[in-house]
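Working notes, beginning with the structure itself.
Predicted model, so just to flag it, every value in this text is computed and none were measured. Starting from 1, each residue takes its place in the sequence as its number. In what follows, every heavy atom counts, from backbone to side chain, and hydrogens, waters and symmetry copies are set aside.
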Amino acid sequence: MLETSVSTPLITVAEARERVLGSLSPLPSETVAVADALDRVLAAEVRAAGNVPPFPCSAMDGYAVLAGPAGRTLMIVGESRAGTPAGVAVSDGQAIRISTGAAIPEGATAVIPQENVETLPDNSIRTAADTTAGDHVRGAGEDMRDQATILSAGTPLNPFALAAAVSAGVAEVTVARRPRAAVLCTGDELRAPGQPLGPGQIHNSNGPMLSGMAAHAGAVVRPMQQLADDRAATEHGIAAALAECDVVLISGGVSVGPHDHVKPALSALGVEEVFWSVSLQPGKPTWFGTASGGRLVFGLPGNPVSSAVTFSLFVAPAFAALQGAPAPRPPQRTAVLATEVRRNPRREQAVRVRLHETDGATLAHPTGPQGSHILTSLLAADALAMIPAGDGRLEAGAMVQLNALAA
Ligand code: AMP
Ligand code: MG
């Protein structure tokens with residue numbers, strides 16, 4: 001395929017990503033209740049405020065006893081329930097009824113499960129199995145030791161991490177502030193969802209797509225705004241977004257046609273270009289720059305697949321890094337190409353692939369036609385297979401690097 005603008009020096013995907021990551025610093029942190037911390041990124045470690053479990057407790061419903069052989073008759077002298085310890089000690093010849101999670105009474109060294117005892121009519125039991133010290137007893141601190149680091153800074157707080165933080169005795173966590181993001185869609189041809197289309201018009205699919213991708217990447221996304229292909233409207237829209245946001249995503253209008261006003265508008269607003277044009281297909285016409293106060297501006301290509309691909313490769317890592325999460329650096333995985341792919345002589349290709357696990361290998365199947373307007377190529381895709389620039393074809397069976405497809 002011939003490149004039209006051979007004069008533009010193209011930077012590699014890897015270089016572009018490094019420049020993005022090198023242009024930003026993590027956002028300041030804030031303290032939030034654990035209940036509000038789902039999917040936030042920890043900015044300070046969480047340490048256990050005590051042992052977990054806090055006290056030795058039972059792993060079974062049964063009887064707390066002194067360990068010993070089968071065939072003993074033991075008098076039941078009390079009960080230890082979850083939340084209500086027995087309040088009495090157990091001694092030889094005695095047992096205390098106990099529930100899972102209830103405190104082991106003083107004197108007891110083991111728990112004999114309910115199914116291993118025979119209950120006798122006179123409030124006693126006969127043991128039907130041997131017990132050794134420690135049987136079915138969960139030791140204090142088996143899960144977390146007092147003061148141990150349970151979660152380190154940079155950890156994204158999934159539901160398990162939230163549970164661990166609460167278990168560690170924590171009510172609030174220190175997390176990075178969520179990035180505020182704006183999505184601006186340029187294009188006179190764009191119509192809102194469901195609006196009837198006039199001649200030459202299309203629906204604005206990048207609006208919901210980029211807003212959704214930004215939200216999934218942890219951003220607080222301001223309502224999408226559509227901008228006319230007009231210099232003043234473009235500059236005004238970008239200025240308003242810059243006043244409120246840490247990250248401004250602009251879709252379309254970034255090329256060099258007579259109706260592309262994004263670059264001159266950015267220049268007039270003092271946004272400094274870091275790169276323009278990447279050796280990537282789809283996604284070559286990608287612009288990235290910085291504004292005062294550490295704000296980031298991405299000019300993403302209007303073609304929907306190009307927008308999704310460049311978001312995945314450059315914007316998603318930026319959102320992660322802004323929140324203090326370790327930015328995923330490729331290759332994250334490799335796979336075996338299932339069918340041959342024609343190479344682009346000058347640009348690395350990001351091919352949407354479906355992944356299949358077969359005996360020990362991951363197979364990457366391209367998801368049909370790969371044009372930058374084929375939005376449906378994203379629907380069944382699990383990842384982007386990166387095909388290095390080169391001549392001819394990359395044959396089926398070749399190993400390819402995978403990049404995450406942010407969604
Ligand atoms: P541009 O980058 O503005 O030259 O747009 C490139 C192609 O993407 C054109 O075919 C546009 O109609 C299309 N396009 C631009 N913006 C959007 C959008 N928000 N949703 C869907 N397609 C778009
Ligand atoms: Mg346009």
Side-chain angles (χ1 to χ4, degrees), residues 1-6 8 10-21 205-206 209-210 212-213 216-217 275 277-286 300-318 320 326-407:
M1 188 193 288
L2 276 177
E3 294 297 335
T4 46
S5 55
V6 284
T8 313
L10 301 183
I11 63 168
T12 64
V13 170
E15 169 68 16
R17 190 186 345 243
E18 288 309 318
R19 287 201 201 171
V20 169
L21 296 177
S205 57
N206 284 352
M209 181 180 73
L210 293 173
M213 292 177 93
H216 278 180
F275 65 76
S277 277
V278 183
S279 173
L280 171 65
Q281 182 191 26
K284 178 182 155 199
T286 300
L300 304 180
N303 274 305
V305 177
S306 313
S307 252
V309 165
T310 51
F311 186 106
S312 300
L313 296 178
F314 309 123
V315 185
R329 277 191 166 79
Q332 290 143 27
R333 288 175 70 187
T334 56
V336 176
L337 199 57
T339 55
E340 64 177 20
V341 171
R342 190 151 48 115
R343 308 221 283 188
N344 181 312
R346 288 193 64 224
R347 289 187 273 159
E348 189 174 358
Q349 278 179 84
V351 173
R352 278 74 72 207
V353 292
R354 208 170 45 250
L355 301 176
H356 287 294
E357 301 296 333
T358 54
D359 332 311
T362 305
L363 279 181
H365 295 264
T367 59
Q370 295 284 312
S372 59
H373 61 302
I374 307 288
L375 196 44
T376 49
S377 70
L378 291 165
L379 293 180
D382 301 311
L384 298 172
M386 305 307 291
I387 312 292
D391 295 322
R393 296 167 184 279
L394 195 61
E395 300 300 332
M399 284 301 270
V400 286
Q401 295 185 350
L402 300 178
N403 252 289
L405 184 57

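Residues passing the salt bridge (charged side-chain N to carboxylate O under 4.0 Å, His left out) test with Arg393 are Glu340, sequence neighbours excluded. Partners of Glu357 by salt bridge (charged side-chain N to carboxylate O under 4.0 Å, His left out), not counting sequence neighbours, listed by chain and number: Arg333. Judged as a side-chain hydrogen bond (donor to acceptor under 3.5 Å, both in side chains), and not counting sequence neighbours, Ser279 has no contacts. Qualifying ring pair (Phe, Tyr, Trp, His ring centres under 6.0 Å) partners for His356, counting only residues two or more places apart in sequence or in other chains: His365. A search for side chain to side chain contact (heavy atoms under 4.5 Å, CB included) contacts involving Leu405 returns Ser312, Leu378, Ala381, Leu384, not counting sequence neighbours.
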For Arg352 and Gln370, what are the C-alpha separation, side-chain angles and deciding distance, and is it a side-chain hydrogen bond (donor to acceptor under 3.5 Å, both in side chains)?
CA-CA 7 Å; Arg352 278 74 72 207; Gln370 295 284 312; 3.1 Å; yes
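If you take CG on Leu355 and OG1 on Thr362, they are separated by 6.5 Å, rounding to the nearest 0.5 Å. Atoms CD1 and CG, from Ile374 and Leu379 in turn, are 11.0 Å apart once rounded to the nearest 0.5 Å. From Leu210, atom CG reaches atom OG1 of Thr310 across 8.0 Å, with rounding to the nearest 0.5 Å.
Side-chain atoms of Thr367 come within 3.5 Å of backbone atoms of Ser377 as a donor-acceptor pair (strictly under, hydrogens ignored). Remark: side-chain polar atoms of Glu348 are not paired, donor with acceptor, to backbone N or O of Ala14 under 3.5 angstrom. With Asn344 contributing its side chain and Arg347 its backbone, the two residues share a donor-acceptor pair below 3.5 Å. Between the side chain of Thr286 and the main chain of Ser277, no donor-acceptor pair closer than 3.5 Å is present. Within the 3.5 Å criterion, the main-chain N or O of Leu313 finds a donor-acceptor partner in the side chain of Arg17.
For the pair Val20 and Pro317, the minimum side-chain heavy-atom distance is 4.5 Å or more. Contact of the Val353 side chain with the Leu402 side chain is registered, since non-hydrogen atoms from C-beta on lie closer than 4.5 Å. The closest side-chain heavy-atom distance from Val315 to Leu300 is below 4.5 Å.
Across every non-hydrogen atom of Phe314 and Val13, the tightest pair is CE2-O, 3.5 Å. Residues Ala350 and Val309 come closest through the heavy atom pair CB-CG1, 3.7 Å. The heavy-atom pair separating Pro304 from His373 by the smallest distance is CD-CA, 4.4 Å. The minimum heavy-atom distance linking Pro366 with Val341 is given by the pair CG-CG2, 4.2 Å. Across all non-hydrogen atoms, the minimal contact from Gly302 to Asn206 is O-ND2, 2.7 Å. Here the closest heavy-atom approach between residue Arg343 and residue Leu394 is recorded as CG-N, 3.6 Å.
Under the salt bridge (charged side-chain N to carboxylate O under 4.0 Å, His left out) criterion, no residue pair touches residues 358-386, with sequence neighbours excluded.
Considering Gln281, Gln349, Arg342, Gln401 as possible partners of Ile387, the one that fulfils the side chain to side chain contact (heavy atoms under 4.5 Å, CB included) test is Gln349.
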